[in-house]
Amino acid sequence: MSVVPAVELFHLCARSQDELAWEAFVDCFGPRIRQGVRRALRRLAESCVPEDVEDLVQDVYYRLLERTRRGRSSFRGETEGQVKRYLQCVCDSAVQDRSRSRRAVKRRALMGALAPANVERIVDKSASPEVVCLRREIRDALVRSCGEVVSGPDRDRDLAIFELAVLDGWTSREIAEGCDFGLKAGSIDSVVSRQRRRLEQRGVAVPRR
């Protein structure tokens, strides 16, 4: 096909799946897309491994082609600068989606490592900042689960006791002597045991004290 201006070529490919047009598109915009992917990776402080860059470039092409196939191309620009900004947005989206996906995989892996057999490691502080952050998320989820099964006039007190005893590692005596709950150590044990039983009946793993 004859050489066409970049903007016209972009509009042509945005409404067509013509193979020659897309070959020209790759020749014209390939370097720009590759650069956009690298820029998006740097923004997220991720390494620009060549294999990852190429995978993401292909993902960008796929997204553009899918938008064409579904008639959903949102590009309405008229200048080359607008084309570049649009492509950068697609690159950013592809990189961000991959980053979220990888974080989700790590989170699931950590969840599997901690629950149920090793869930007590939630209170282990000898870990990297990333692992500590993910464990905090698991901790918050456990507290929320406990909040769903605790009721009655002493709900807030019982939740506080559970968090101190199970997640912060306090002994029942330390809680009884250091907090103004008005309970003895034996009663603290009962509160913790009751919440543990309710959670485990719902299939929620609870760290051992």
Side-chain angles (χ1 to χ4, degrees), residues 37 39-49 52 55-56 59 63 66 72 89-209:
V37 165
R39 181 180 292 115
L41 286 169
R42 286 195 296 269
R43 286 174 181 169
L44 294 179
E46 294 196 15
S47 59
C48 296
V49 179
D52 289 344
D55 286 344
L56 286 163
D59 187 21
R63 289 168 185 244
E66 276 297 292
R72 293 170 52 191
C89 287
V90 180
C91 292
D92 290 343
S93 177
V95 172
Q96 289 167 4
D97 285 350
R98 191 200 66 158
S99 181
R100 280 193 292 267
S101 177
R102 287 189 170 183
R103 287 199 301 271
V105 169
K106 289 182 179 179
R107 185 173 291 108
R108 287 195 296 271
L110 181 61
M111 291 284 284
L114 291 177
N118 298 320
V119 73
E120 68 273 4
R121 294 182 187 173
I122 291 175
V123 298
D124 179 15
K125 294 181 174 55
S126 58
S128 67
E130 181 181 20
V131 172
V132 169
C133 180
L134 292 175
R135 286 175 179 169
R136 187 179 298 116
E137 293 183 17
I138 300 172
R139 173 192 176 110
D140 291 344
L142 185 57
V143 172
R144 286 195 299 272
S145 296
C146 187
E148 293 173 359
V149 300
V150 178
S151 59
D154 298 319
R155 180 179 184 276
D156 291 342
R157 182 203 67 185
D158 291 352
L159 284 173
I161 290 174
F162 174 86
E163 189 166 357
L164 287 171
V166 176
L167 300 180
D168 290 331
W170 288 40
T171 67
S172 294
R173 181 178 296 278
E174 288 172 337
I175 295 174
E177 295 177 353
C179 304
D180 189 23
F181 292 133
L183 297 177
K184 295 182 178 180
S187 298
I188 300 292
D189 287 337
S190 297
V191 170
V192 175
S193 178
R194 182 165 59 249
Q195 307 321 324
R196 182 190 300 279
R197 183 170 61 253
R198 289 175 176 174
L199 287 169
E200 290 180 345
Q201 286 174 349
R202 296 184 58 174
V204 178
V206 182
R208 295 294 168 183
R209 299 178 66 184

Handout entry: Side chains of D97 and R63 in contact at under 4.5 Å (non-hydrogen atoms)
Key = yes
Handout entry: 4.5 Å side-chain heavy-atom contact, V191 and D154
Key = no
Practice task
Report yes if the side chains of F181 and S187 come closer than 4.5 Å at any heavy-atom pair, otherwise no.
Solution key: no
Problem - Minimum side-chain heavy-atom gap Q195-I161 below 4.5 Å - result: no
Exercise for the section: Provide the closest heavy-atom pair for R194 versus D158 in the form atom of the first, atom of the second, distance. Expected result: NH2-OD2, 3.9 Å
Practice task
Return the minimal non-hydrogen interatomic distance between R42 and C48, and the atom names on each side.
Solution key: CG-SG, 4.2 Å
Problem - Distance in Å, W170 CH2 paired with I188 CD1, rounded so as to fall on 0.5 Å steps - result: 10.5 Å
Handout entry: Closest contact, heavy atoms only, A40 versus C91
Key = CB-O, 4.2 Å
Handout entry: Point-to-point distance, once rounded to the nearest 0.5 Å, from CZ of R43 to CG of D92
Key = 4.5 Å
Problem - salt_bridge(D55, R98) N-O dist < 4.0 Å - result: no
Handout entry: Under the side-chain hydrogen bond (donor to acceptor under 3.5 Å, both in side chains) test, residues paired with S190 that sit two or more places apart
Key = none
Handout entry: Minimum side-chain heavy-atom gap L183-R157 below 4.5 Å
Key = yes
Completion exercise
To the nearest 0.5 Å, atom OG1 of T171 lies from atom CD of E177 at 7.5 Å
